[in-house]
Each structure stands twice: as C-alpha cells, then as structure tokens.
There are 2 protein chains.
Amino acid sequence: MNATIKDVAKKAGVAISTVSLVVNHKGHVAKETELKVLRAIKELNYHPQRSARGLVTKQSGNFGFILNGNHFSQAEPFYTKIFLGTEIQARSFDYYILLTTITQNVTPKNIPRFLLERNVDGVILAGSVPHKIVDYLHKNQLPFILIDYYFPERHDSTILTDNAMGIRLVIDHLLELGHRDLAFIGGDMGHPSMQKRCSTFKSYLQQKGAPIEDAKIDCIEEHSGTESGFAATTRLLEKNISISAIVAANDAMAVGALRACRDRKIRIPEEIAITGFDDVESSITARPTLTTVHVPKEEMGAAAVRHLVDVINGRQSEGVRIIMPVKLVARESTLGAIPPG
Amino acid sequence: MNATIKDVAKKAGVAISTVSLVVNHKGHVAKETELKVLRAIKELNYHPQRSARGLVTKQSGNFGFILNGNHFSQAEPFYTKIFLGTEIQARSFDYYILLTTITQNVTPKNIPRFLLERNVDGVILAGSVPHKIVDYLHKNQLPFILIDYYFPERHDSTILTDNAMGIRLVIDHLLELGHRDLAFIGGDMGHPSMQKRCSTFKSYLQQKGAPIEDAKIDCIEEHSGTESGFAATTRLLEKNISISAIVAANDAMAVGALRACRDRKIRIPEEIAITGFDDVESSITARPTLTTVHVPKEEMGAAAVRHLVDVINGRQSEGVRIIMPVKLVARESTLGAIPPG
DNA sequence: TATAGTAATCGAAACGTTTCGACATTATTT
DNA sequence: AAATAATGTCGAAACGTTTCGATTACTATA
C-alpha cells in the first residue's frame with residue numbers, strides 16, 4: 001500500500017542504498033542524482049518506516065517519560081507543564097514521548113514495558129521515582145535524567161530548581177515588607193526539594209539575624225497538597241503564637257493556608273501574609289492571588305530533552321546537574337489588593 | 001548485549017520459530033517444549049524487540065493522541081484528564097500513547113510524524129482538530145476516534161458528553177431553587193459542544209415555559225476561558241437587566257463570571273447564582289465552590305482506547321457515537337456556604 | 001489396512017531499512 | 001605520467017522478528 005524505499009529506488013532509477021544515503025544526508029551523492037531521488041520521494045510520498053529503520057539502527061525515535069502516578073493526580077499542573085515542555089522540545093528533535101505512570105512500590109517485575117522492549121532511546125523521570133528503575137537504566141546503559149528529584153548517594157543527570165534561591169527571595173521579600181515573625185509549612189519531606197526548602201528557610205533566616213523558632217515550622221504532613229497545607233496552618237494558628245507571614249513549601253499548601261485563614265476570618269495579607277512556591281495555575285486563580293516563586297516548568301522539561309539528545313549524540317556526558325533559575329512573583333497575598341485601573 | 005530470540009532458541013534447543021510460537025501463544029506446542037522455552041526466556045530475560053516485531057506484523061503497539069495546542073494550554077485540566085484516562089487504559093492493553101499537539105492551521109505538510117512513519121495503530125483526537133488530519137486518517141484506513149468534537153457531515157467514531165442533559169440538569173436545579181431570570185454565557189461557538197450547550201439552554205427553557213430573552217444570552221466570545229467569562233458577564237451586568245442566575249458554558253467561564261460579580265460586590269449565590277460545566281479542578285478551588293456538571297473525563301479517554309482496541313481486533317466497526325452520561329454537582333455557587341461542622 | 005487428519009517441529013523467506021566493502025570514475029598531488 | 005585521493009554508485013549482508021509451507025510422527029476414520 002505505502003511506498004517503500006524500493007519503490008523510490010526503482011522510480012528514480014538508482015540503487016536502494018543510494019536512496020538511503022539521500023534520505024540520511026550521508027556520503028557523497030551527486031547533486032543530480034539527489035534531485036532525481038528527492039523528486040521520486042515526493043511523488044510517492046515516501047517516508048521511511050520507523051520499525052524497519054529502528055531494527056538496524058537500534059534507535060526508536062522515542063523517549064520515555066516516567067512519572068509517579070500519585071504526583072500526576074495530586075500535583076498535576078506542575079508535572080503536566082514539565083511533560084508539555086518535553087513534548088514540544090522532543091518534537092523539535094523529531095522524537096516522541098512515551099509517557100507512563102508508575103505506582104510507588106515497583107513490584108519486582110513492573111519495569112515499564114517500553115524499557116524491556118527497548119522502545120526508547122532515553123528516559124526522563126519526573127518527581128520521586130523508585131531506585132529500582134534508575135538501577136535498571138544504569139545497568140542497561142540507557143541515557144536518563146531526573147527532574148526535580150535525586151538520590152543523594154548517586155551522580156545521575158538531574159534537573160533541579162534553585163530551591164534555596166527561591167526561599168531566599170521569598171524571605172527577602174517578606175523582610176522588606178516589614179515582616180518579622182515568619183512561619184513555614186511543608187510536607188512530603190522525603191522529597192529532596194521539600195527538604196531543601198525547609199532547611200533553607202531555617203538557615204537563611206538565621207543568617208539574616210531574624211528570630212527562628214521551631215514552633216513556627218510545621219513539616220510533619222505526609223503529603224504536600226491543599227489539605228496538608230490546611231492542616232499544618234490550622235495547627236500553627238491554634239498555637240496562638242505571633243505569626244505575621246506563612247511561607248508554604250509549595251502553592252498547593254499555600255492555598256490550603258489561605259483557606260485555613262479565611263475560615264478564621266484572618267485578613268490576608270493585612271494580618272498574615274502568605275507565599276507559595278512553583279507558580280502553578282492555582283496561584284493566580286486563588287483569591288487573593290498568591291505571591292510565589294516562579295519555577296520554569298516547561299523549560300525544565302525542554303532542558304531534559306536537550307540533555308538526552310546531547311548525550312545520544314556524544315556531545316555531553318551524563319552526570320550533569322542543571323539548576324534552573326527561579327524568580328519571585330509578588331501578588332496580592334503579600335502586597336494586598338492591587339487597586340483597579 | 002540483550003538476548004534475542006536466537007539466543008533463546010539455542011538455549012532451549014529448539015528452532016527460532018518454535019520460540020516465536022510460544023511467545024505468541026500460537027499453534028500447537030508440546031507442553032514439555034513450551035516449558036523448556038519459557039525457562040530459557042526467563043533465564044535470559046528475553047523480551048521481543050518492538051521494531052523487529054513491528055516490521056513484520058505492521059503493528060507498532062502505539063496509539064497516537066492528537067490535541068489542539070491551544071486547548072492544551074488553555075483548557076489544560078480538561079484534556080489532561082482525558083489524556084490520563086487514555087494512558088492508563090492503553091497500558092492495560094499493552095499499548096503506549098504518543099502525544100502530539102498541533103497548531104490549528106495545519107499547513108499542507110504538518111501531518112504528525114507518527115502518522116507518516118506508520119508508528120501508531122490507531123489515533124485519538126481530542127477537541128477541535130483540523131479536517132485535513134481526519135481525512136488523512138480516513139484515506140490511510142487508520143482506526144481513529146474523536147473525543148468531544150465531531151464533524152456534522154461525517155460519521156466518525158466519536159465520544160461526546162451529554163451536553164443537552166447537562167444543561168437540562170442545571171436548569172432544573174436552578175428552577176427548583178426558585179430562579180426565574182436565567183442568563184447564559186458562552187464562547188468558542190465553533191466547537192459543537194459549546195453550540196449544543198447554548199442551543200439546549202434556549203430550547204429547554206422554552207420547553208419549561210420559562211421566559212427566555214436574547215438579551216440574556218451572550219455567546220460572542222471567541223474563546224471560552226476565564227477572561228472570556230469575565231468579559232461576557234460584565235456585558236450582561238452592564239445591561240442592568242434582571243438576572244438571578246448565570247449559566248456558564250464551562251467552568252473556566254464560570255470562574256470568570258464569579259470574578260466579575262466579585263468585582264461589583266455582588267454576593268453569590270444570594271444575589272446571583274452561577275453554574276459551570278465540566279467539573280475541572282478549579283470548580284472546587286474557586287470560592288465559592290462551583291455548582292457544575294460533572295463530565296467523566298478519564299472515562300472518556302479510557303472508552304476511546306477500548307474502542308480502538310475493539311476495532312483493531314475486529315470486534316467493533318467504526319462509526320459509533322458514544323454519549324457519556326453527566327451528573328450535576330451542586331456546590332456553594334448555587335446553594336450558598338455549607339455551614340461548617 | 002489404507003487414508004485422512006492433527007500435533008509438533010523446523011527451515012527459510014519476508015518485512016524495510018542501514019551500512020559495509022567493492023568498484024569505477026574523476027580530480028589532485030608528486 | 002604515475003600514484004594517490006576523493007567522489008559517486010551499487011550489491012549484499014545484517015538487524016530480530018513472524019509466518020508460511022514442508023516434514024515427520026501419531027491418531028482417528030472409512
């Protein structure tokens with residue numbers, strides 16, 4: 001039904017191998033011959049078939065994207081953006097993305113099928129991901145890169161956000177606004193990003209000579225969603241200690257904090273200012289809009305793809321650690337309502 | 001490096017073809033032989049290679065997912081959920097999804113590459129999608145199915161939401177609450193779902209004997225996002241006509257309506273009730289929470305995949321129209337604040 | 001008992017590419 | 001003018017599967 005390289009060769013009156021050379025821009029082909037071949041290709045609407053090509057080159061033209069299923073349902077917008085970033089960048093390099101979500105507890109044999117069947121040329125892993133999979137990739141020498149996660153004891157290629165910088169920006173912003181009693185809420189402390197945000201909060205505040213009390217830090221929540229933010233904030237408020245601003249470990253928790261305050265008729269930011277982290281959609285749909293740290297999510301996905309492509313082409317070796325810059329986005333939850341007009 | 005079928009054959013002491021028969025559960029293989037082969041497979045950790053298999057079977061083990069790029073950035077949560085639904089269901093059938101976003105105006109030659117390279121066994125198209133692509137699929141006899149979109153003049157396999165039922169549920173709900181002056185805001189009227197929601201609003205209201213005035217229907221917005229909802233609502237409110245409830249064509253527009261009312265200090269739902277459609281995340285994070293029509297997004301994706309699988313296996317022919325049921329989710333934007341505790 | 005059918009296994013062809021080495025021709029260097 | 005290098009083209013092997021007869025050995029049917 002569909003034209004093959006053979007048909008093209010016949011129509012152009014050349015050998016199959018010559019067509020291949022033209023298609024792949026390899027070797028020395030006379031201008032004239034090339035034209036003949038190109039014309040035949042166009043006329044027959046020929047496109048090389050992936051599987052045939054892959055059989056000999058051992059390249060699939062795909063990247064795998066592995067995502068913790070919990071993440072995708074919970075912190076959806078964050079990882080969706082990253083995924084979108086990979087998709088677009090991958091397309092520009094003529095790759096496709098095979099997405100799969102995995103459950104946290106990988107049973108012995110649920111390595112994603114695309115790995116077993118060697119149907120990907122590289123793998124992107126976003127968020128917390130089982131050690132076992134990374135081991136598998138390592139053993140099979142498949143290029144891979146982690147996004148927003150890492151194993152402290154290993155030296156994998158990784159893309160991280162500048163969590164420390166983000167927290168510093170937030171603190172500077174709040175201090176500048178005159179806040180003195182800062183609190184911190186976090187959760188999911190198994191995640192290195194969360195840990196970093198929390199630890200930076202403490203260390204930087206100390207460095208700034210601001211008072212820092214453990215009572216104002218609540219990081220015991222297991223997850224880091226809206227409910228967790230709500231719960232943590234409620235606990236803080238019930239302590240009846242002086243708090244003028246709450247720094248949340250991410251936007252979802254900040255929204256929870258917003259809600260907890262709202263329930264108690266606490267005015268934001270007049271009585272308590274609140275900040276988030278990530279700059280996902282909800283930070284702008286929330287009322288008041290959320291002051292937060294912008295994380296370049298799409299760019300992180302794109303950078304991951306570029307790295308894989310570079311590794312495959314031997315232009316870069318594995319083991320790099322890319323730290324993406326962040327910036328502060330000041331909105332109503334610290335500045336107050338922007339006067340209309 | 002990796003074991004091939006040859007290695008398995010040698011280790012098991014049988015012919016290559018016998019191994020193939022075992023792997024594919026075909027033909028008559030003696031129990032004993034089968035066991036030998038299976039043991040060899042396990043020992044060598046053998047998995048058939050996709051591209052080699054695909055070369056001869058002409059099956060890729062992939063489905064394509066084509067999405068209008070605008071949709072994915074604008075109405076992200078809606079289509080993300082659908083995509084997620086396809087992914088999970090596809091995995092259960094041992095398929096993978098290749099996602100690609102396309103720009104609305106398909107230039108002559110930007111047919112997704114996975115189609116040209118015959119790298120998918122079927123295609124799912126979500127949201128408004130160019131006619132040209134559907135033509136291509138038809139011509140190449142690739143099974144495909146549309147989600148939340150259709151061409152009136154064609155009979156493609158399609159998965160739709162019960163838009164008419166949704167609007168009827170909303171209207172019944174509002175009438176029951178005693179509302180009489182219902183308004184409607186919509187946008188993106190090129191989309192059949194939007195059209196249906198609007199037309200049902202008119203016809204059902206009429207059927208119910210309720211007053212229906214064109215002045216209370218605003219569907220001129222080009223898009224259907226938050227800003228459009230804001231703009232449409234503003235226009236309605238400035239007319240200074242009596243409105244007790246606003247039915248929005250989707251959640252995003254409803255959120256815009258919420259905001260427009262909030263800006264004018266209109267209390268919701270005491271002065272004006274507002275309803276959405278789709279039941280995406282924002283309808284629950286919005287304040288007040290949004291009464292809306294729940295659309296089973298994941299299920300729609302899953303159903304699409306099942307249909308493709310059925311078509312491929314000859315169990316079903318193309319051209320079906322599946323209408324997914326919807327249900328009303330009543331929340332604060334019509335009922336008022338739920339008293340705590 | 002001869003014949004047809006079925007079970008079990010195998011070898012070889014085929015799928016559509018890329019790539020390697022061979023060969024002829026032409027250009028460049030000595 | 002001879003030797004070498006570069007250019008242009010090609011045929012054939014290889015990639016790892018599935019599938020299609022062919023072959024043999026049984027088993028059931030006429």
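So you know, we letter chains A, B, ... as the sequences are listed, proteins then strands, and number each from 1.
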> If you assign each of B:V19 and A:V56 to its closest nucleotide in DNA chain D, which residue comes earlier from the 5' end?
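Between the two, 5'-proximity favours A:V56.
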> Write down the distance between OH (A:Y46) and P (C:dG16), rounded to a whole number of angstrom.
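The answer, rounded to whole Å, is 10 Å.
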> How close or far is atom C1' of C:dG16 from atom CG of A:L44, stated in whole angstroms?
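About 15 Å, once rounded to whole Å.
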> Are A:S193 and A:D148 linked by a side-chain donor-acceptor pair shorter than 3.5 Å?
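The answer is yes; a qualifying pair exists.
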> Hey, does A:T33 reach any base, or is it just sugar-phosphate, or nothing, if we go heavy atoms under 4.0 Å?
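Sugar-phosphate, backbone atoms only, no base.
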> Between C:dC15 atom P and A:Q49 atom CD, what is the distance in whole Å?
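Spelled out: CD on A:Q49 to P on C:dC15 is 11 Å.
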> In whole angstrom, give the distance that lies between atom CG of B:N24 and atom P of D:dT17.
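These atoms are roughly 11 Å apart.
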> With sugar-phosphate meaning primed atoms plus P, OP1 and OP2, does B:K6 contact a base, only sugar-phosphate, or nothing at under 4.0 Å between heavy atoms?
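Touches nothing.
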> Taking the six-membered ring for Trp, are B:F83 and B:F65 closer than 6.0 Å centroid to centroid?
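Yes - the distance between ring centres of B:F83 and B:F65 falls below the 6.0 Å cut-off.
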> For the side chain of B:R53, counting heavy atoms from C-beta on, which of D:dC15, D:dT17, C:dT18 is nearest?
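From the listed options, D:dT17 comes nearest.
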> To the nearest angstrom, how far is A:I16 atom CD1 from D:dA14 atom P?
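After rounding, the reported distance stands at 17 Å.
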> Given D:dC15, is OP1 or OP2 found less than 4.0 Å from the side-chain N or O atoms of A:K58?
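No, outside the criterion.
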> What nucleic acid atoms does B:S17 come within less than 4.0 Å of, heavy atoms only: base, sugar-phosphate, or nothing?
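Result for B:S17 = base.
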> Looking only at side-chain N and O atoms, does B:H138 offer a donor or acceptor that is under 3.5 Å from a partner on B:E318?
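On atom types as modelled, these side chains do not qualify, holding no pair under 3.5 Å.
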> Nearest to the B:T18 side chain among D:dC10, C:dT19, C:dT9, which nucleotide is it?
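Per side-chain heavy atoms of B:T18, the pick is C:dT9.
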> Would you kindly say whether B:R91 and A:T101 are connected by a side-chain donor-acceptor distance under 3.5 Å?
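Indeed, the side chains of B:R91 and A:T101 share at least one donor-acceptor pair under 3.5 Å.
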> Could you state the CD-C1' distance from A:Q59 to C:dT17, rounded to the nearest angstrom?
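Interatomic distance, CD of A:Q59 to C1' of C:dT17: 14 Å.
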> Pick base, sugar-phosphate or nothing for B:V23, based on heavy-atom distances below 4.0 Å to the nucleic acid.
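The answer is nothing, as B:V23 stays clear of every strand by at least 4.0 Å.
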> More than 12 non-hydrogen atoms from neighbouring residues, nucleotides or ligands closer than 6.0 Å to NE2 on A:H131, yes or no?
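Counting neighbours around NE2 of A:H131, more than 12 heavy atoms of other residues, nucleotides or ligands fall under 6.0 Å, so yes.
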> Counting side-chain heavy atoms from CB outward, which of C:dT19, D:dT9, D:dG16 is closest to B:A52?
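The answer is D:dG16.
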> Of the nucleotides D:dT18, C:dA8, C:dG16, which has the atom closest to the B:H28 side chain?
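For B:H28, the side-chain atoms sit closest to C:dA8.
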> Could you check whether B:T57 gets within reach of a base, just the sugar-phosphate, or nothing at all, counting any heavy atom under 4.0 Å?
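Here B:T57 touches the backbone only, sparing every base.
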> Could you check how far CD1 of A:I5 sits from P of D:dC10, rounded to whole Å?
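Those two atoms, CD1 and P, are 12 Å apart.
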